[in-house]
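Chain identifiers are assigned alphabetically (A, B, ...) following the order of the sequence lines, protein sequences preceding nucleic acid strands; residue numbering begins at 1 within each chain.
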Protein chains: 2
Amino acid sequence: MSDLLERLRGRGWRLTAQRRVVAEVLDGDHVHYTADEVHARASDRLPEISRATVYNTLGELVSLGEVLEVSTDGRAKRYDPNAHHDHQHLVCSRCGTIRDVHVQGDPLSALPEPERYGFQVSEVTVTYRGICPKCSGPS
Amino acid sequence: MSDLLERLRGRGWRLTAQRRVVAEVLDGDHVHYTADEVHARASDRLPEISRATVYNTLGELVSLGEVLEVSTDGRAKRYDPNAHHDHQHLVCSRCGTIRDVHVQGDPLSALPEPERYGFQVSEVTVTYRGICPKCSGPS
DNA sequence: TTCTTGACTTAGACATTGTCCAATGTAGGA
DNA sequence: TCCTACATTGGACAATGTCTAAGTCAAGAA
C-alpha cells in the first residue's frame, strides 16, 4: 500500500497522518467497509480524525480511481480497494457482506445496440445476490 | 393498474385512498420515481397523505413483489413498477435517468460455480452506465 | 344500515448517512 | 526556519428513511 501512497504523492497529494491512516485501513482486510466503519477503524489509530476528513479522503481516492464506490442497498456506500482489477460483486441479502467475483465474458456485450437508446454506454456493474454460507446455516 | 389493486385486495390488503393514489402514481408515466417524488405526486391528488404512508406502501408493494426497488447511486432508492418483466437498467451518469433494457442471455450463467463461494445465488442485477443523448448533446 | 374492530394513517421526533463551512493546523518547498 | 496553500476539525445542516402514539376508517358482522 505504500505503493499507493507513493502514487498519490506523485499526483500532488499532500501526505498527512489522516490520509495515511485511511489508506491503511482500506489496505488491511480485503473487506468493503462503509465510510463510518472506515472512520471507526481509523479512529483506533488516530483518535482525533474527523468524519469530514474520512469522507473527503474516500471521495478523493474514488475520483483518483484508487478505490471503488459500491452502493448495493441504498444504505451506506461501501468502499472497495480492489479498483485495479476488473470484478463484480456477490452480496449476501441477509448480512450484507460483499465478495469480489469474476465473471465469464464481457457483460457489456450482452446489451444489443438497439437497447442502448443512444446512450454512450461506458460501464457495467453486475451484482449477484444470495444467501452466504454463514447465513444459510441452521439458525 | 386496477388489476394490481384487485390482486392486492385478494391478498388481504385493505383498500384505502392513500394506497390507491400511490399505486396510480406508479402506474402513470413509466418512470422510476424516488419515494419523495412519489409522495409529491401523490400529494397533488390527496394533499394530506403523509410521508410515512408513502414509505409504508412502497415497502409493502416491494415485499409483495409488485414493484422493484432500485438503488443506483447510494442516494434515494427508486421504485420500478415494471416488476413482472425481467429487465435490467441503463442509467445516465449525468442526470440520473433510468431506462429499462433487455439483455441477451442469462447473466446468472456468467458466474461459474467456483466463483459462488457457497452462496445460494438467487438474483442478479446488471446496471449499465453512460451518458444519455440529452446530456451528451452540445451543452 | 349501523356497529365494531383491527388495520391504516398521521405528524413529528428520531436515526443514519452525507455535505458544507469558517476557523485552525501543518506539509513541504523556498 | 518560515510561509502559505492545502488539509483538518467540529459542528451545523441536508437528505433520506424509520418509528411511535394517537386518531381514523374499511369492511365484515349483526
Side-chain angles (χ1 to χ4, degrees), chain A residues 2 5-25 32-43 45-64 66-80 96 98, chain B residues 2 5-25 32-43 45-64 67-79 96 98:
Chain A
S2 47
L5 293 177
E6 275 314 310
R7 271 207 301 284
L8 294 173
R9 192 140 59 161
R11 300 206 218 176
W13 243 41
R14 186 173 288 184
L15 196 41
T16 67
Q18 291 83 351
R19 286 173 169 181
R20 185 164 30 237
V21 165
V22 169
E24 283 169 9
V25 168
H32 303 69
Y33 292 129
T34 65
D36 267 1
E37 287 167 351
V38 172
H39 179 232
R41 283 171 176 73
S43 299
R45 314 193 191 190
L46 191 68
E48 335 76 56
I49 193 172
S50 78
R51 272 184 353 115
T53 297
V54 171
Y55 276 97
N56 287 342
T57 305
L58 288 173
E60 287 154 5
L61 288 171
V62 169
S63 47
L64 290 173
E66 297 290 348
V67 159
L68 285 180
E69 216 172 51
V70 186
S71 46
T72 53
D73 60 350
R75 313 271 304 173
K77 291 175 197 160
R78 292 177 174 271
Y79 293 88
D80 180 349
I98 303 182
Chain B
S2 48
L5 293 177
E6 276 315 309
R7 272 206 301 283
L8 295 174
R9 192 141 59 161
R11 300 206 217 176
W13 246 40
R14 185 172 289 185
L15 195 42
T16 67
Q18 291 83 352
R19 287 171 167 181
R20 189 166 24 239
V21 165
V22 169
E24 283 169 8
V25 168
H32 303 68
Y33 293 128
T34 65
D36 266 2
E37 286 166 352
V38 172
H39 178 233
R41 283 171 176 74
S43 299
R45 313 193 193 190
L46 191 67
E48 335 76 55
I49 192 171
S50 79
R51 270 181 358 113
T53 296
V54 172
Y55 277 98
N56 287 341
T57 305
L58 288 173
E60 288 154 7
L61 288 171
V62 169
S63 46
L64 290 173
V67 159
L68 285 180
E69 216 173 52
V70 187
S71 46
T72 53
D73 59 350
R75 311 274 304 172
K77 291 175 196 160
R78 293 177 174 271
Y79 293 88
I98 303 182

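Look at B:R19 and you'll find a side-chain N or O under 4.0 angstrom from OP1 or OP2 of C:dT9. Note on B:T53: a side-chain N or O is less than 4.0 Å away from OP1 or OP2 of C:dT10. Applying the 4.0 Å criterion to OP1 and OP2 of C:dT10, one finds that B:Q18 has a side-chain N or O inside that range.
Atom P of nucleotide C:dT17 and atom CG of A:N56 are separated by 18 Å, given to the nearest angstrom. Rounding to whole angstrom units, CG of residue B:L58 and P of D:dG17 are separated by 9 Å. Following rounding to the nearest Å, A:E69 (CD) and C:dT19 (P) show an atom-to-atom distance of 8 Å. For B:H39 and D:dA15, the NE2 to C1' distance is 15 Å, given to the nearest whole Å. In this structure, CZ of A:R20 is placed 9 Å from P of C:dA27, rounded to the nearest angstrom. Atom CG in B:L8 sits roughly 17 Å away from atom P in C:dA7 (whole-Å rounding). Atoms NZ (B:K77) and P (D:dA15) sit 18 Å apart, rounded to a whole Å. When the P atom of C:dG25 is taken as reference, atom CD of A:E48 falls 13 Å away, rounded to whole Å.
Here B:E60 does not pair with B:R11 in a salt bridge; the nearest charged N to carboxylate O distance is not below 4.0 Å.
Contact between A:R45 and A:E24 at its shortest, heavy atoms only, is NH1-OE1, 2.7 Å. A:R78 and A:E37 get closest at one heavy-atom pair: NH1-OE1, 3.6 Å.
You'll find the side chain of B:L58 stays beyond 4.5 Å of the side chain of B:Y33, heavy atoms only. By the 4.5 Å heavy-atom criterion applied to side chains, B:V22 and B:T53 are not counted as neighbours.
Side-chain proximity of A:R75 to the nucleotides C:dT17, C:dC8, D:dT9 is greatest for C:dT17.
Between the side chain of A:R14 and the base of D:dA7, no donor-acceptor pair under 3.5 Å is found.
Within 4.0 Å (heavy atoms only), A:A52 reaches at least one base atom of the nucleic acid. A:R51 comes within 4.0 angstrom of a nucleotide base, judged by non-hydrogen atoms across all strands. Among the protein residues, B:T16 comes within range of the sugar-phosphate backbone only, with heavy atoms under 4.0 Å from sugar or phosphate atoms but none that close to a base.
Between B:Y55 and B:A17, the residue anchored closer to the 5' end of DNA chain D is B:Y55, taking for each the nucleotide with the nearest heavy atom. For the pair A:Y79 and B:S50, both in contact range of DNA chain C, the more 5′-proximal nearest nucleotide belongs to B:S50.
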